[in-house]
Amino acid sequence: MTADGSTDPYDALLLVSFGGPEGPDDVLPFLRNVTRGRDIPSERLDEVARHYVDRGGRSPINDQCRMLIEAVGADLSAHGVGLPVYWGNRNWDPYLADTVARMRTDGVRRAAAFVTSAYSSYSGCRQYREDLFDAVDGSSKPPRIDKLRLYFNHPGFIEAFVDSTTAALGQLPDKHRHDAPLVFVTHSIPQPMADAAGPHNDGAYVAQHLAVADLVATGVTARTGRTHAWELAYCSRSGSARQPWLEPDVNDHLAALAAAGEAAVVVVPIGFVSDHMEVVHDLDTEAAATAEMLGVAFARAATPGVHPAFVAAVRDLLLERAAVERGFAVERVALGALPGAWDLCAAGCCPNPRGHRPALCEEPS
């Protein structure tokens, strides 16, 4: 793919993530950051806050980021790559703006940004690019930041889910594991946002998830010799009941499976890179309780986290983009029918539903 494995012109890697509260006093301020401008009812915020408070007021996501940074740093070092790895969040400390300021102080001139969101959508891609723009806007000589491409169909992302789904099937009772259906789950978003996702505003969010689900299911079949029925479901709806969101909800889908006579299920959170609150509450708590009530055996596949194939994918994406920036032709490694994603987003890609805001890492207009 590359001529020599060099990371030139990059002198740093920036991990960009969502952020999460680190203690009870952080919870409501964090949720207000997340929902600012979205007209979320206060009772909904209070409900979600209880999910955090019930777990000590601490989201798992920041610790997951720390582990990923450590794993990526070790992987880079093991392969002779000496780049420092920085970390900045959209919604909680360490905030992107503070991290970018530290990078500037440290003398970083150009960084590649790996975002812990694998798919096209406003909330999953463009909003991160808007926040990256805000982080560098108005500062004196900030580092240039290039967002690495979407990686939903990168072999390392898929392999991590094939491994964890196969392992989850093994947790089911012997009599059910060979024919248990797979329920692939991602974060629900408003239907108009889903429809507008992608460079052609043609529903890329759903299409990419369906592609990943098919790849993982096919990989599991290759591993086990068994074919499992599967469907895509959604979790974590948080918007007004007046607006349509992607369905079915995972709990409704579990009920439908039980009504159809299914006795066991594996839930696979393909929309999530790590086990943060939507996973540990919406799936491990609520969906698991729904399955128990229905009498359906339940297992949940792990998210990629620090799976070695996923960690190696970060390095692969970094080297790929560095080679592109040095003028090399590269093979964008990708599985399935959809090609490897683009480096620069089209100006109208995944539009902001509340009106235009400038964003980094897009094609010149």
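This structure is a prediction, so every number in the text was calculated from the model and none was measured.
With sequence neighbours excluded, the residues satisfying salt bridge (Lys or Arg N to Asp or Glu O under 4.0 Å) with Asp174 are Arg177. Checked against salt bridge (Lys or Arg N to Asp or Glu O under 4.0 Å), Glu47 has the following partners two or more places apart in sequence or in another chain: Arg44. Listed by chain and number, the residues in a side-chain contact (heavy atoms from CB on, under 4.5 Å) with Asp146 are Tyr10, Arg110, Arg144, Arg321, Glu325 (sequence neighbours excluded). Annotation: salt bridge (Lys or Arg N to Asp or Glu O under 4.0 Å) contacts of Arg126 (sequence neighbours excluded): Glu130, Glu362. Under the side-chain contact (heavy atoms from CB on, under 4.5 Å) criterion, Asp252 pairs with Asp249, not counting sequence neighbours.
Of the listed residues (Thr116, Asn91, Leu68), just one forms a side-chain contact (heavy atoms from CB on, under 4.5 Å) with Ser17, and that residue is Thr116. Among Leu96, Val100, Leu14, Leu13, the one residue that satisfies the side-chain contact (heavy atoms from CB on, under 4.5 Å) test with Tyr86 is Leu14.
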Donor-acceptor pairs under 3.5 angstrom involving side-chain atoms of residues 292-304: please list them, not counting sequence neighbours.
{"residue": "Arg300", "atom": "NE", "partner": "Asp284", "partner atom": "OD1", "Å": "2.8"}
{"residue": "Arg300", "atom": "NH1", "partner": "Asp275", "partner atom": "OD1", "Å": "3.2"}
{"residue": "Arg300", "atom": "NH1", "partner": "Asp275", "partner atom": "OD2", "Å": "3.4"}
{"residue": "Arg300", "atom": "NH2", "partner": "Asp275", "partner atom": "OD2", "Å": "3.2"}
{"residue": "Arg300", "atom": "NH2", "partner": "Asp284", "partner atom": "OD1", "Å": "3.4"}
{"residue": "Arg300", "atom": "NH2", "partner": "Asp284", "partner atom": "OD2", "Å": "2.8"}
{"residue": "Thr303", "atom": "OG1", "partner": "Asp275", "partner atom": "N", "Å": "3.2"}
{"residue": "Thr303", "atom": "OG1", "partner": "Asp275", "partner atom": "OD1", "Å": "2.3"}

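Judged purely by distance below 3.5 Å, without hydrogens or angles, the side chains of Gln191 and Asp195 pair a donor atom with an acceptor atom.
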Quick one: do Thr285 and Arg55 satisfy side chain to side chain donor-acceptor pair (under 3.5 Å)? Show the steps, please.
CA-CA 12 Å; Thr285 303; Arg55 291 167 176 78; 2.6 Å; yes

Kindly indicate, with the supporting measurements, whether the criterion side chain to side chain contact (heavy atoms under 4.5 Å, CB included) is fulfilled by Asn62 and Trp87.
CA-CA 10 Å; Asn62 282 351; Trp87 169 32; 3.5 Å; yes

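Aromatic pair His209/Tyr119: ring centres closer than 6.0 Å.
Between atom CZ of residue Arg237 and atom CD1 of residue Ile189 there is a gap of 12.5 Å, rounded to the nearest 0.5 Å. Atom NE2 in His281 sits 9.5 Å away from atom CZ in Arg50 (nearest 0.5 Å). Of the inter-residue distances, the one linking Asp93 atom CG with Phe30 atom CZ reads 12.5 Å to the nearest 0.5 angstrom. For the atom pair CZ (Arg129) and SG (Cys345), the distance works out to 4.0 Å, reported to the nearest 0.5 Å. Going from atom OG1 of Thr290 over to atom NE2 of His253 covers 13.0 Å, rounded to the nearest 0.5 Å. Here CE of Met193 is found 10.0 Å from CG of Leu246. Values are rounded to the nearest 0.5 Å.
Contact detail for Ala341 and Leu150: the closest heavy-atom pair is CB-O, 3.7 Å. The two residues Asn201 and Cys350 come nearest to each other via the heavy atoms ND2-N, 3.8 Å. Nearest heavy atom pair, residue Ala12 against residue Leu83, reads N-CD2, 3.8 Å.
A donor-acceptor pair under 3.5 Å is formed between the side chain of His79 and the backbone N or O of Asp75. The backbone N or O of Gly23 sits less than 3.5 Å from a side-chain atom of Asp26, completing a donor-acceptor pair. A donor-acceptor pair under 3.5 Å is absent between the side-chain atoms of Arg226 and the main chain of Thr221, judged by distance alone.
Residues Val27 and Val279 do not share a hydrophobic cluster, clusters being chains of Ile/Leu/Val/Met/Phe/Trp/Tyr side chains in contact below 4.5 Å. When hydrophobic clusters are built by joining Ile, Leu, Val, Met, Phe, Trp and Tyr residues whose side-chain heavy atoms come closer than 4.5 Å, directly or via intermediates, Phe18 is not grouped with Leu283. Residues Met103 and Phe133 are members of one and the same hydrophobic cluster, defined by side-chain heavy-atom contacts under 4.5 angstrom among Ile, Leu, Val, Met, Phe, Trp and Tyr. Linking ILVMFWY side-chain heavy atoms closer than 4.5 Å, directly or via other members, places Ile69 and Val81 in a single hydrophobic cluster.
Two residues are said to be in side-chain contact when any heavy atoms from C-beta on lie closer than 4.5 Å; Phe152 and Leu338 meet this criterion. Residues Val115 and Leu148 form no side-chain contact, since every pair of their non-hydrogen atoms from C-beta on lies 4.5 Å or further apart.
Ring pair Tyr151/Phe114 is parallel by interplanar angle, where below 30° counts as parallel and above 60° as perpendicular. Taking the six-membered ring where tryptophan is involved, the planes of Phe272 and His187 are tilted, since the angle between them lies from 30° to 60°.
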